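This report refers to the structure that appears directly beneath it.
All values below were derived from every heavy atom in this structure, side-chain atoms included, with hydrogens, water molecules and symmetry-related copies excluded. Keep in mind it's a predicted model, so treat the numbers as computed, not measured.
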Amino acid sequence: MTSQRPVERPRTGIRSDWWSKSCAGTLLGFTLAIALSGLFTWFGPGGPAAANKFQFTMWIVAPLWLGVVSFCFLFRSGLRAWLWLGGANLVAYALLLAGRGPLPH
């Protein structure tokens with residue numbers, strides 16, 4: 001006795017929310033990676049004056065960015081990706097601005 005499987009329909013194109021998730025991950029992921037590397041520069045070991053820290057800070061942006069782009073597809077919708085990544089950007093840049101001290105006049 002053999003059981004029959006339901007016939008699978010071929011998928012056409014990609015899911016519509018993947019475009020918005022991809023854009024959110026690409027745009028907001030880059031700005032988040034820049035902010036996170038800046039946070040590491042200011043608050044990491046030795047502060048900004050540490051030897052070779054700027055070289056590491058420059059090279060850490062790409063893996064951070066690719067990590068955010070990779071994980072942006074785990075959001076339930078494109079709107080959630082934009083909102084969460086936008087909020088993460090606001091928090092990261094607020095911490096960066098607050099940690100650097102008062103603004104110049």
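- In the hydrophobic clustering, L79 connects to L83, either directly or through intervening members, whenever side-chain heavy atoms lie under 4.5 Å apart.
- Sorted pairs that involve residues 32-58 and meet salt bridge (Lys or Arg N to Asp or Glu O under 4.0 Å), not counting sequence neighbours, are lacking altogether.
- Between the side chains of S37 and T57, no donor-acceptor pair of N or O atoms lies under 3.5 Å.
- The ring pair (Phe, Tyr, Trp, His ring centres under 6.0 Å) pairs that include a residue from residues 20-48 are F30-W65, F40-F56, where partners are two or more places apart or lie in different chains.
- Judged as a ring pair (Phe, Tyr, Trp, His ring centres under 6.0 Å), and not counting sequence neighbours, F54 has no contacts.
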Stepwise side chain to side chain contact (heavy atoms under 4.5 Å, CB included) test for L39 and L36
CA-CA 5 Å; L39 286 170; L36 292 175; 4.1 Å; yes

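- Between W84 atom CH2 and L32 atom CG the span is 13.0 Å, to the nearest 0.5 Å.
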Below 3.5 Å, can you tabulate the donor-acceptor pairs from side chains in residues 68-78 to any protein atom, sequence neighbours excluded?
from: S70; atom 1: OG; to: L66; atom 2: O; distance (Å): 2.8
from: S77; atom 1: OG; to: R80; atom 2: N; distance (Å): 3.2

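- With Y93 contributing its side chain and A88 its backbone, the two residues share no donor-acceptor pair below 3.5 Å.
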Quick one: side chains of residues 22-29, donor-acceptor pairs under 3.5 Å with protein atoms, not counting sequence neighbours, listed by atom name and distance.
from: S22; atom 1: OG; to: W18; atom 2: O; distance (Å): 2.7
from: T26; atom 1: OG1; to: S22; atom 2: O; distance (Å): 2.7

